[in-house]
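Presented below is the structure to which this report refers.
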Amino acid sequence: MTATSQYSAAALRAMTEFKVVIHDERYEFEPITTGGSFLYDPQVLWDWASYPAMWTGPAGSILISDIGGQPQNETDWRMGHGGLYRLHADNRFETLMARGTGRQCGVFRPMVAPVHWGDWGGHLFFGSQIVPHRRGAVMDHMIYRLAPGEDRPDAFCIPPRSGSIGGGISGALVPGVFGRPGTPEEGLFLFYSMHNCTVYAARPDGSVEVYFVMDGVNGAGPLMPYRMFYADESLVRERNALIIAGKWGSNFGEQSTRFEPGHYRVVGRTIAPEDIKALAGGPGHRAPAGFGPFSGDSFRPENNGFISSVHWTEGSAKALPYSTEIIRRDAEGREHVFASNLQAGQNLIGFAGNRLIVTNMGHSYSSGNFKHADGTVFSIRYKG
């Protein structure tokens, strides 16, 4: 075991100090969790409105996963890490899946299966390492499944090695989409590896196959996938357009904080090479009723070209720049800066009741080997 050392709670709070500026006086900023608290790499569940009632819980609540953290204060390199929490409207965190339960090694971008998805409809799926910490970040990964009401996950599938990048290892495995009815991917659970640039397809029986590869040798690319989503129809003028956001000509091994992804349409079992300019900046989330005069508008984080590298190490970690913004797109398609001076890292957003919840990962717990709680959460709400 290794003891946590040079980063005290006070130092982590100072490193992650909130400096958010709201650009409309009708809305207000509210800090929820600062650095030095208990979150490491938090990720709010972003497509919250589509989830079945068995997960949405009390009004105004939302789920937040964490890649890092263990039951004890010291780092045990033999044990798993990461958990799942419900943030309630009163800012109370409820533990749904304790850190390292089931020996999962990280909880990556959880998503809930449609209720009709075989025996596992309504279950929550997430990516995870098989081996913990930095060593396991570049080893094979797996998909876990968590049943509603349970607090211990079960292994669902391990994808095969694929492609020519990174030894074909399925590292940095991230859930993508459950195929919508009427689409070519209907009935499939698509997920992808940032490490080997492969998209996989799983079925309810647990079988998994390579769907397509983006390594530039066995398919288009190389393209390191960062996110997969169905595009807003109003932006692309097409229903159910499946999109991969990623950085062309790159892979997981890059030591860079510059990240300016393009957006590429999935066509059959490949991607079209044309960058869809209408999606520049990434997918947005429409504000629900109750979010004041901007209800119905679309919101997204804008990292302005900087995203926290996954390769931070203990000695190299420092305060990240305050370069991220939240952009609002109005009904006419015009974009406005809604909030600025957010600390860079990997900011994700989700709506819970009348609040916009923002999580930031900061430095990477697992692949970056930064074992300190520098994750933050805040909200923006309408004052009226």
Side-chain angles (χ1 to χ4, degrees), residues 41-47 63-68 81-82 84 104-113 124-130 136-146 153 155-163 165-166 168-179 185 188-202 208 210-215 221-230 242-247 250-254 259 261 263-264 266 271 282-283 301 303 307-311 345-350 359 361 364-368:
D41 290 352
Q43 296 179 312
V44 66
L45 271 68
W46 62 293
D47 195 18
L63 298 193
I64 293 177
S65 61
D66 196 355
I67 293 172
H81 47 83
L84 181 68
Q104 79 274 4
C105 304
V107 181
F108 308 152
R109 296 262 181 89
M111 61 189 313
V112 179
L124 183 142
F125 289 78
F126 61 90
S128 178
Q129 297 172 196
I130 296 174
V138 290
M139 292 183 172
D140 294 294
H141 283 38
M142 67 188 301
I143 295 292
Y144 273 95
R145 172 184 59 79
L146 180 67
F156 181 70
C157 69
I158 299 176
R161 294 190 175 187
S162 168
I165 295 176
I169 294 169
S170 60
L173 196 66
V174 182
V177 300
F178 284 92
E185 60 276 3
L188 300 178
F189 172 31
L190 299 184
F191 52 94
Y192 54 90
S193 166
M194 297 171 67
H195 189 261
N196 67 11
C197 301
T198 295
V199 174
Y200 295 96
V208 58
V210 172
Y211 201 57
F212 59 89
V213 185
M214 301 172 291
D215 62 358
L223 178 84
M224 184 184 76
Y226 177 65
R227 185 167 294 173
M228 174 182 282
F229 61 96
Y230 285 107
L242 183 58
I243 306 297
I244 288 181
K247 188 174 182 180
S250 69
N251 61 69
F252 191 73
E254 281 193 332
F259 189 73
H263 296 82
Y264 307 94
V266 176
I271 52 171
N303 63 51
I307 191 167
S308 177
S309 170
V310 296
H311 302 291
Q346 293 190 37
N347 287 274
L348 296 175
I349 66 172
T359 58
M361 289 176 56
S364 173
Y365 177 91
S366 185
S367 57

Kindly give the heavy-atom pair with the smallest separation between [X] and [Y], and that separation in Å.
X	Y	value
H141	P159	O-CD, 3.5 Å
V213	G163	CG1-CA, 4.1 Å
G127	I143	CA-CD1, 4.0 Å
L242	M228	CD1-CG, 3.8 Å
G246	L223	C-CD1, 3.6 Å
V44	G350	CG1-N, 3.8 Å

[Y] backbone acceptor or donor facing [X] side chain under 3.5 Å:
X	Y	result
H195	L173	no
S170	S193	no
S128	V107	no
S65	Q43	yes

>> As a quick check of understanding, evaluate side-chain contact (heavy atoms from CB on, under 4.5 Å) for I244 and Y192, giving each step before the final call.
In response: CA-CA 10 Å; I244 288 181; Y192 54 90; over 6 Å; no
[X] [atom1] to [Y] [atom2] distance, which is reported to the nearest 0.5 Å:
X	Y	atom1	atom2	result
N347	T359	CG	OG1	7.0 Å
D140	M142	CG	CE	10.5 Å
M224	D215	CE	CG	14.5 Å
I130	I158	CD1	CD1	4.0 Å
M361	I67	CE	CD1	4.0 Å

> Can you list the steps and then say if V174 with M194 is a side-chain contact (heavy atoms from CB on, under 4.5 Å)?
Replying inline: CA-CA 8 Å; V174 182; M194 297 171 67; 4.2 Å; yes
>> Can you tell me how the ring of F125 sits relative to the ring of F156, calling it parallel under 30°, perpendicular over 60° and tilted otherwise?
In response: perpendicular
> Aromatic rings Y144 and F126: how do their planes relate, parallel, tilted or perpendicular, breaks at 30° and 60°?
Replying inline: parallel
How about [X] and [Y]: do any of their side-chain heavy atoms sit closer than 4.5 Å?
X	Y	value
R161	I169	yes
I243	V266	no
F189	M111	yes
F108	Q129	yes
V199	E185	no
P222	I165	yes

>> Could you check whether Y200 and Y211 have their ring centres less than 6.0 Å apart?
In response: no
>> If you apply the rule side-chain contact (heavy atoms from CB on, under 4.5 Å), what do you find for L124 with L84, and how did you get there?
In response: CA-CA 11 Å; L124 183 142; L84 181 68; 4.2 Å; yes
> Going through the checks in order, is the side-chain contact (heavy atoms from CB on, under 4.5 Å) test met by L63 and V112?
Replying inline: CA-CA 11 Å; L63 298 193; V112 179; 5.8 Å; no
